[in-house]
There are 2 protein chains.
Amino acid sequence: MWSRPRKAPRQTLTLERIVAEAVALLDEEGADRLTMRRLAERLDTGSTTLYWHVKTKDDVLDLALDAVFGEVPLPDPAGGWQAAVRELIGGWRAALLRHPWSATMLDRPLMGPNALERTEFLYQTLTGAGFTAPQAAAYSLSNYVMGSVVMQVTWQDRDDEDTGAFLRERAGLYPALAEHGLDHEWDATFDEGLGYLLTGMRQAGKPKTGRLD
Amino acid sequence: MWSRPRKAPRQTLTLERIVAEAVALLDEEGADRLTMRRLAERLDTGSTTLYWHVKTKDDVLDLALDAVFGEVPLPDPAGGWQAAVRELIGGWRAALLRHPWSATMLDRPLMGPNALERTEFLYQTLTGAGFTAPQAAAYSLSNYVMGSVVMQVTWQDRDDEDTGAFLRERAGLYPALAEHGLDHEWDATFDEGLGYLLTGMRQAGKPKTGRLD
DNA sequence: TCCACTACTAGACCATCGATCCGGTCACTC
DNA sequence: GAGTGACCGGATCGATGGTCTAGTAGTGGA
């Protein structure tokens, strides 16, 4: 998708409008309700027309997902690498949570310009902090956000009543889970886990470079 | 009479056979090639028949996914909590990677008995290690595995040629990414990130309980 | 011995989807 | 003012998830 050359625009229907409407539709109705027909209808056109601007439906999804990444603010690096990482990752998470459908789509290559820009920022922040091989750190951090969002989106809107009851019924089988796993303070838990990662990264880096704090 | 084919004996089609065949089909052809028709064909029956054993296709997927979790060995807790966690999480990752299609399905509630058993084990290991509130730790760890698998599955089979070329062409835009982000030693990187997490967890727990080592 | 009942199977069918074919229309350019 | 290429859409294709209808084979009861 990203490597294909862009067609010249004309007027009424533009790629931007398509993407914006796709995001709106996804926000309002969810991933499984996005069909080319429905999207076309909202844009007051025929489904065929969309295929002039876009090769497949997957293109629409790729573009919509990258639009979400575009909402992630790039932090000011002046506050130190850990603050920058926290801010970037936090914004990353917030943007994905604002558009819960995006969690279902993280299994596609994030090669859009917005996603790449954020990843590049992460790598630069980490190398700037003294990591000579920032890959593992960047990998851990992005894995952690992705996983967190997928997990939260999967569980938070499901009837907490239902899962709660389900697990409590089986408290005999899963005692620790039933006792500690039910109430979720998503934000706090996320921050705590991010803290673990940053602590570990600081520790691992220190002996080598002495700069990571 | 004698030329008539003997009708297959009773009990030919069981839920177990359906799930096993679904996993095999998913392994061989991938998630998007699993259709009820194809699955029925492989089981030498009609697609309708499947719906006697199963309510929807999602049921098949839920069962198949939980079957993958069933492959994750439960470690021996005797070696200490960190070894147990490493072993559980490593086996978790390995099982998912053996069935790459499973990465696409992590956005559904993992309420199967096999998945729950592993989660319970994780919670028990962590509480046994002295974590009074093991939720954040368990959350971090499972998020990390999930994210790692999704990331690796997304990227490793994609033509490394293509993404490599794509990024190198844009090395001006994404210098740090092009320099450090291309070669992947998946296993080592995963272990390193897991190390960060465990270090962070140890540090965080120590002052409170003094037992986490 | 017969009959009802359960477990199970299949073909035809429905609505819907992504995508394409083919036939247009409109705004520019030469 | 003819032509060209950007743009649009109705009809349609093949495939899918799922249901309806119509069974059949074996089992237990009377």
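So you know, we letter chains A, B, ... as the sequences are listed, proteins then strands, and number each from 1. In this text the structure is predicted, and so the values were computed from the model without any measurement.
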Which of C:dC17, C:dA7, D:dT16 is nearest the side chain of A:Arg38? It is C:dC17
Of the listed nucleotides D:dC8, C:dG18, C:dT9, the one nearest the side chain of A:Tyr51 =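 That would be C:dG18.
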side-chain hydrogen bond (donor to acceptor under 3.5 Å, both in side chains) with [X]: which residues, sequence neighbours excluded?
{"X": "A:Thr49", "answer": "A:Thr45"}
{"X": "B:His180", "answer": "none"}
{"X": "A:Asn114", "answer": "A:Asp66"}

What is the distance from [atom1] of [X] to [atom2] of [N], rounded to the nearest Å?
{"X": "B:Met36", "N": "D:dG17", "atom1": "CE", "atom2": "C1'", "value": "8 Å"}
{"X": "B:Leu50", "N": "D:dT16", "atom1": "CG", "atom2": "P", "value": "14 Å"}
{"X": "A:Leu39", "N": "C:dT16", "atom1": "CG", "atom2": "P", "value": "18 Å"}
{"X": "B:Trp52", "N": "D:dA25", "atom1": "CH2", "atom2": "P", "value": "18 Å"}
{"X": "A:Asp58", "N": "C:dA19", "atom1": "CG", "atom2": "P", "value": "7 Å"}
{"X": "B:Asp44", "N": "C:dC8", "atom1": "CG", "atom2": "P", "value": "17 Å"}

Polar atom pairs between nucleotides 11-15 of chain C and protein, under 3.5 Å, N or O only, would you list them?
{"unit_1": "C:dG11", "atom_1": "O6", "unit_2": "B:Thr48", "atom_2": "OG1", "d": "2.6"}

Listed by chain and number, what are the salt bridge (Lys or Arg N to Asp or Glu O under 4.0 Å) partners of B:Glu71, not counting sequence neighbours?
-> B:Arg98
Partners of A:Arg38 by salt bridge (Lys or Arg N to Asp or Glu O under 4.0 Å), sequence neighbours excluded?
->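 With sequence neighbours excluded, A:Arg38 shows a salt bridge (Lys or Arg N to Asp or Glu O under 4.0 Å) to no residue whatsoever.
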Does the ring centre of A:Tyr144 sit less than 6.0 Å away from the ring centre of A:Phe190?
->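 That pair passes the under 6.0 Å test.
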Contact under 4.0 Å: A:His53 side-chain N or O vs D:dC8 OP1/OP2 = yes
